[in-house]
Amino acid sequence: MVHILGVNLRDTHLARFALTKFYGIGHHTAHRLCARLQIHDKCKMKDLSPYQVTALASFLSSPSTSPPLPRYPLASSSFVPPPPNKSVQELQNEFNAAKAVRETKKQKRVETYTVKENTYVDPLKELRIESELRRMIRENIAHQRMIGSYVGRRHAMHLPVRGQNTQSNAKTAKKLNQLDRY
Amino acid sequence: MDIGPYFVPFPNLREAITNHVAIKTQARSCTILPNFVGVRFMVHNGKDYVPVTVTQDMVGHKLGEFSHTKKRFTYKATKNK
């Protein structure tokens, strides 16, 4: 058993499925979380290192304030690995030369065009789980009820909101559509 | 492409704010804009016009959301027989 933020995750489950135990994390989000912490596809909960468990806990406790993800550049498709008998000194020199070339190219680009700001948006920045998500849902329902809209009224009547039939069934709505859902 | 909310222009909006005259409309799908706050609308529900007073919290919703089209079923005993 691994305990993260008060949720018990089974040892024998794959990490990407065990994470769906959290309220607000489905398969897609679990996959993204695993990718972020470099947990492989077949990794079970018991195989997680303590570092990964603490990283998971610290990320899930406040996704919006977590440090941004480091971006590792990948080698280009034309990359040829150097021969193994090359000395470290030579490799270092080559690397520095390549870096200098890259820097000058970047400088030129900055001078010629206005380079776009980093447009990458962290997909997990807006992640809300457990009590935070429940509170958000409750607040949304309360807001609808307060302004007296159709959606709020249907919630108060424990009936479906989006035009579904109510002559029979409507079981999920009767169960879930409450003013104080959680 | 961002198109923005659908709304209908009300030419008598300024007059409605100053004189507190209700605006009679059938545009249920018109989004409530921030400058509608405080205006009284008479929104058609298919049968008659229901009064809706727009408040700050309603901004972003549609006018039709506040003019209900269905009434609750109540059983009435038949008079004859």
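Throughout, protein chains are lettered first and strands after them, A, B, ... in sequence-line order, and every chain is numbered starting at 1. Just so it is clear, the structure is predicted and the values come from calculations on it, not from any experiment.
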Review point. Should we say atom CG of B:Asn19 is surrounded by more than 12 heavy atoms from elsewhere, each under 6.0 Å from it?
Key: yes

Exercise for review: Using a cut-off of 6.0 Å, state whether more than 12 heavy atoms not belonging to A:Lys174 lie near its atom NZ.
Suggested key: yes

Practice item. State whether the number of non-hydrogen atoms from other residues, nucleotides or ligands found under 6.0 Å of B:Lys24 atom NZ is greater than 12. Key: no

Point to revise | Neighbour count above 12 (heavy atom, 6.0 Å) for B:Phe10 CZ | key: yes

Practice item. Answer with yes or no whether the hydrophobic clustering places B:Val21 together with B:Ile17; edges join I, L, V, M, F, W, Y residues whose side-chain heavy atoms lie under 4.5 Å apart. Key: no

Check your understanding: Is there a path of hydrophobic side-chain contacts, each under 4.5 Å between heavy atoms of I, L, V, M, F, W or Y residues, that connects B:Phe7 with B:Leu13?
Key -> yes

Review point. Linking I/L/V/M/F/W/Y whenever any side-chain heavy atoms sit under 4.5 Å apart, do A:Leu133 and A:Ile141 land together?
Key: yes

Check your understanding: Under 4.5 Å between side-chain heavy atoms, hopping through other hydrophobics if needed: is there a path connecting A:Leu56 to A:Phe17?
Key -> no

Exercise for review: Tell me the residues of residues 142-155 of chain A whose non-hydrogen atoms fall below 4.5 Å from those of chain B, in number order.
Suggested key: A:His143, A:Gln144, A:Met146, A:Ile147, A:Gly148, A:Ser149, A:Tyr150, A:Arg153

Practice item. Pull out the residues in residues 38-54 of chain A that come under 4.5 Å of chain B, heavy atom to heavy atom, sorted by number. Key: none

Review point. More than 12 non-hydrogen atoms from neighbouring residues, nucleotides or ligands closer than 6.0 Å to NE2 on A:His13, yes or no?
Key: yes

**Study point:** residues 42-60 of chain B: residues contacting chain A (heavy atom under 4.5 Å, by number)
**Key:** B:Asp57, B:Met58

Review point. Do any of residues 65-75 of chain B come closer than 4.5 Å to chain A, heavy atom to heavy atom, and if so which ones, in number order?
Key: B:Glu65, B:Phe66, B:His68, B:Lys70, B:Arg72

Check your understanding: Are A:Leu37 and A:Ile4 grouped together when hydrophobic residues (ILVMFWY) are joined by side-chain heavy atoms under 4.5 angstrom apart?
Key -> yes

**Study point:** Crowding at OH, A:Tyr23 (>12 non-hydrogen neighbours, <6.0 Å)
**Key:** yes

